[in-house]
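Shown next, in structure tokens, is the structure this report addresses.
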Amino acid sequence: MQLLWVVVVGVLGVFGAEGEQALCRILGSPEFPLLSKEGDVTIGGAFSIHTKITETPLSFTETPPPLTCSSMNLQDVHFAQTMIFAIEEINNSTSLLPNISIGYRIYDSCGSTLSSMHVAMALMNGQERTVGKTCSGQSAVHAIIGASDSSSTIVMSRSTGAFQIPVISHYATCACLSNRKEFPSFFRTIPSDFYQSRALAQLVKHFGWTWVGAVRSDNDYGNNGMATFVEAAGLEGVCIEYSEAILWNSPREQIARVVEVIGRASSRVVVAFVTQWEMDVLLEEALAQNLTGLQWVGSESWITVDRLATRRRSAVLSGALGFTISKSKIPGLREFLLRVGPAQDPNNTLLREFWEVTFSCRFSPQEESDGGPSQSQCSGSERLEEINNSFTDTSELRFSNNVYKAVYAVAHSIHDLLTCTHGKGQGGNRNCSDRDSIEPGQVLRYLRDVNFTMKSGERVYFDENGDPTATYELMNWQRDQAGETVFVTVGNYDASLPNGDQFSMNRIKIAWAGNSLKVHSYTENTW
Ligand SMILES: *[C@@H]1O[C@H](CO)[C@@H](O)[C@H](O)[C@H]1NC(C)=O
Ligand SMILES: *[C@@H]1O[C@H](CO)[C@@H](O)[C@H](O)[C@H]1NC(C)=O
Ligand SMILES: *[C@@H]1O[C@H](CO)[C@@H](O)[C@H](O)[C@H]1NC(C)=O
Ligand SMILES: *[C@@H]1O[C@H](CO)[C@@H](O)[C@H](O)[C@H]1NC(C)=O
Ligand SMILES: *[C@@H]1O[C@H](CO)[C@@H](O)[C@H](O)[C@H]1NC(C)=O
Ligand SMILES: *[C@@H]1O[C@H](CO)[C@@H](O)[C@H](O)[C@H]1NC(C)=O
Ligand SMILES: *[C@@H]1O[C@H](CO)[C@@H](O)[C@H](O)[C@H]1NC(C)=O
Ligand SMILES: *[C@@H]1O[C@H](CO)[C@@H](O)[C@H](O)[C@H]1NC(C)=O
């Protein structure tokens, strides 16, 4: 975190001097949204549309060079489009915010804290050169959905908190974000790792694995999640043989060393509190070192990621167990996603890049002087229906359902604000608003009290820390008859139930590492 604050102060410092004469000036160069539409109210979005960023070291005497992001992440393009889908649905609704149009501004946080800082500034400033509020006194957005990782979300919430702009994350699970003093305007539609870490500890104990190894992502997600797991595991009498930390961009030698530690250790169970990006590199190194036969226990970031479960890769992870959030169905979303493409807005760079990545083609072949493999030219009429990837896949809507719920939560709070609907019996001493003078701070206050039901029947509300109730599915990696890995739900966890009743196991066979199938016995142990 210290490094982070140096960066933050750096950015503020560089531009502070320049902007001193006028208070109403921007902090960084304005970054433009990748997708946007105007409306009566505006919701901001921050997603990891790309996952790699070039961060040149900052010299504190010069304007930092623009950040460049590369390596498109189709999963987050899917999240961004799910946000737009929800906004359109509400825009079309005659009962929720009738006659009010909702606009959006979606930015790329690049999965980086530095970039997220820029995005937070851009979301607060809009395209005008102002700080916190536009010169007319209005914040550019009324709420922000994002980001897709804990570290970026922490940076964004810190930056926007002072301006009372609510941030609602669909993916940031760090228990640290439940601290209301530090993050007074933060909410999320994904449960805090406070619960997941405890559930994992009980899981490990339940199966009698009292001697385990631990690997974590060396970021807010992994470090906090693992710290809570270690504490909870200690109370359950589980001992940790080793505890290693990696990042996806760690040097290869470090990843190799960690895999050697795992291979040499005497514990046969590895608890991996890592993001899918760390799992990618860990898995490749484990394959290179022929590390198989271990029982992996994982966190929700990677436990249902198809990319990790290919035939080749599942040699390492077969039989893996871990918790994930419940899945849902969103009628109409698939049809909406299949309409996405450059035809919607031929000059939009995001849509063009999305098309090029999806169909391995180029719109402008003359730019192709980088020596890379030559690619065919995109026609723009390629068919998305024929593609199966993390953008088009709507069979397992988990995190995208959280994006969907987050947008609805914002819409309900604005609806309540405009109709003077007061929740939780706080009486009439709050201010209502008309649609031309909605302040983010008002949306924030009404967000605390939302309590509504989605079309799917799910109830959405936040506790006093901005957290939803914690329910998980216990997933197990099994092989189907064709030999492909499938994720099977073998149990459930509901943190709102009393201790002892929180777990329930389905009567379904569990596959263990090495692929032996056994029905879990109830009599040995109780949760
Ligand atoms: C919302 O509806 C209005 C009026 O029908 C339309 O002009 C606007 O483009 C819509 N906005 C979105 C985000 O769909
Ligand atoms: C909103 O309404 C428009 C016009 O009727 C329709 O084309 C569009 O598909 C609707 N969007 C959603 C998300 O329901
Ligand atoms: C919708 O908004 C317009 C413009 O503000 C207003 O004239 C009209 O009466 C509104 N209609 C409803 C049904 O509220
Ligand atoms: C990998 O491990 C398997 C099973 O332990 C063994 O049969 C195989 O020979 C090993 N391969 C290499 C390249 O070490
Ligand atoms: C797209 O960009 C070209 C060239 O910059 C411009 O001539 C054209 O009007 C733009 N089209 C749209 C739909 O904005
Ligand atoms: C995509 O997945 C569906 C369902 O799993 C399958 O029927 C279809 O053949 C796949 N399409 C391609 C192009 O792989
Ligand atoms: C209501 O608005 C007034 C004036 O803008 C303000 O002083 C007061 O604090 C607000 N009350 C609440 C509960 O937000
Ligand atoms: C939400 O509303 C439902 C139904 O009105 C109610 O039973 C429940 O207690 C409410 N939950 C909270 C946290 O207010």
Side-chain angles (χ1 to χ4, degrees), residues 33-45 78-107 140-145 178 180 187-189 191-192 328-341 343-345 348 350-351 384 392 394 397 400-401 403-416 418-419 421-427 430 435-436 438 445-471 494-497:
L34 296 173
L35 296 164
S36 66
K37 192 157 199 172
E38 293 307 309
D40 299 327
V41 293
T42 309
I43 306 181
H78 171 107
F79 292 157
Q81 291 293 343
T82 302
M83 173 172 160
I84 296 176
F85 171 78
I87 288 175
E88 274 197 19
E89 226 178 41
I90 296 162
N91 202 30
N92 284 354
S93 159
T94 50
S95 54
L96 184 59
L97 289 176
N99 215 13
I100 304 274
S101 68
I102 308 181
Y104 52 85
R105 293 200 185 148
I106 295 175
Y107 289 80
V141 294
H142 296 91
I144 298 170
I145 313 290
S178 297
R180 263 283 172 254
F187 298 82
R188 55 182 148 199
T189 46
S192 160
S328 188
K329 288 201 161 56
I330 306 179
L333 177 61
R334 183 171 162 81
E335 293 70 24
F336 179 87
L337 292 176
L338 294 181
R339 286 197 295 272
V340 169
Q344 293 175 321
D345 181 359
N348 184 291
L350 170 71
L351 295 177
L384 215 41
T392 58
T394 49
L397 296 174
S400 26
N401 187 42
V403 173
Y404 190 61
K405 286 191 283 190
V407 175
Y408 268 88
V410 173
H412 275 275
S413 71
I414 296 174
H415 185 96
D416 293 348
L418 294 175
T419 55
T421 310
H422 301 233
K424 292 184 186 163
Q426 282 172 355
R430 281 186 310 170
R435 76 173 192 194
D436 298 322
I438 299 172
R445 283 190 286 280
Y446 278 81
L447 206 45
R448 292 186 187 129
D449 291 348
V450 291
N451 178 0
F452 60 94
T453 311
M454 302 290 295
K455 268 180 268 171
S456 63
E458 260 182 288
R459 241 192 136 75
V460 177
Y461 57 86
F462 304 102
D463 71 10
E464 66 278 12
N465 297 323
D467 287 320
T469 48
T471 56
D494 183 346
S496 66
L497 298 175

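All values derive from a computational prediction rather than experimental measurement. For ligands, and for the atoms within them, numbers begin at 1 and follow the listed sequence.
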Polar side-chain atom of R105 near backbone of T42 as donor-acceptor pair, under 3.5 Å | no
Element-labelled atoms of ligand 2 that are located less than 4.0 Å from some non-hydrogen atom of F85 | 13 (C)
Ligand 1 atoms in contact with Y104 (distance to a heavy atom under 4.0 Å) = 13 (C)
What residue and heavy atom of the protein are closest to atom 4 (C) of ligand 1, and at what distance?
-> N91 ND2, 4.7 Å
Considering only the protein, which heavy-atom contact is closest to atom 9 (O) of ligand 1, and what is its distance?
-> K37 CE, 3.0 Å
Taking only heavy atoms of N92, which atoms of ligand 2 are found under 4.0 Å from at least one of them?
-> 1 (C), 2 (O), 3 (C), 8 (C), 10 (C), 11 (N), 12 (C), 14 (O)
Please could you name the atoms of ligand 2 that E88 approaches to less than 4.0 Å, counting only its heavy atoms?
-> 11 (N), 13 (C)
In sequence, state the C-alpha distance, the side-chain angles, and the governing distance for T392 and L338, and then conclude on side-chain contact (heavy atoms from CB on, under 4.5 Å).
-> CA-CA 7 Å; T392 58; L338 294 181; 4.1 Å; yes
Consider ligand 2: state whether an atom of it lies below 4.0 angstrom from any non-hydrogen atom of F336.
-> no
Counting distance only, does the side-chain N/O of D494 pair as donor-acceptor with the main-chain N or O of T471 below 3.5 Å?
-> no
Closer than 4.0 Å: a protein non-hydrogen atom to atom 2 (O) of ligand 2 | yes
What orientation do F452 and Y408 show, parallel under 30°, tilted 30 to 60°, or perpendicular over 60°?
-> tilted
Side-chain (D467) to main-chain (R188) donor-acceptor, under 3.5 angstrom = no
The reported gap from CG in D416 to CG in L96 (rounded to nearest 0.5 angstrom) is 9.0 Å
Do the side chain of T82 and the main chain of H78 share a donor and acceptor less than 3.5 angstrom apart?
-> yes
Atom indices of ligand 1, in the order listed, that fall short of 4.0 Å to a heavy atom of I102 | 13 (C)
Considering only heavy atoms from C-beta outward, does the side chain of V407 approach that of I102 to under 4.5 Å?
-> no
Flag N451 as yes when one of its N or O atoms lies below 3.5 Å from any N or O atom of ligand 8, and as no otherwise.
-> yes
Check whether any protein heavy atom sits under 4.0 Å from atom 7 (O) of ligand 2.
-> no
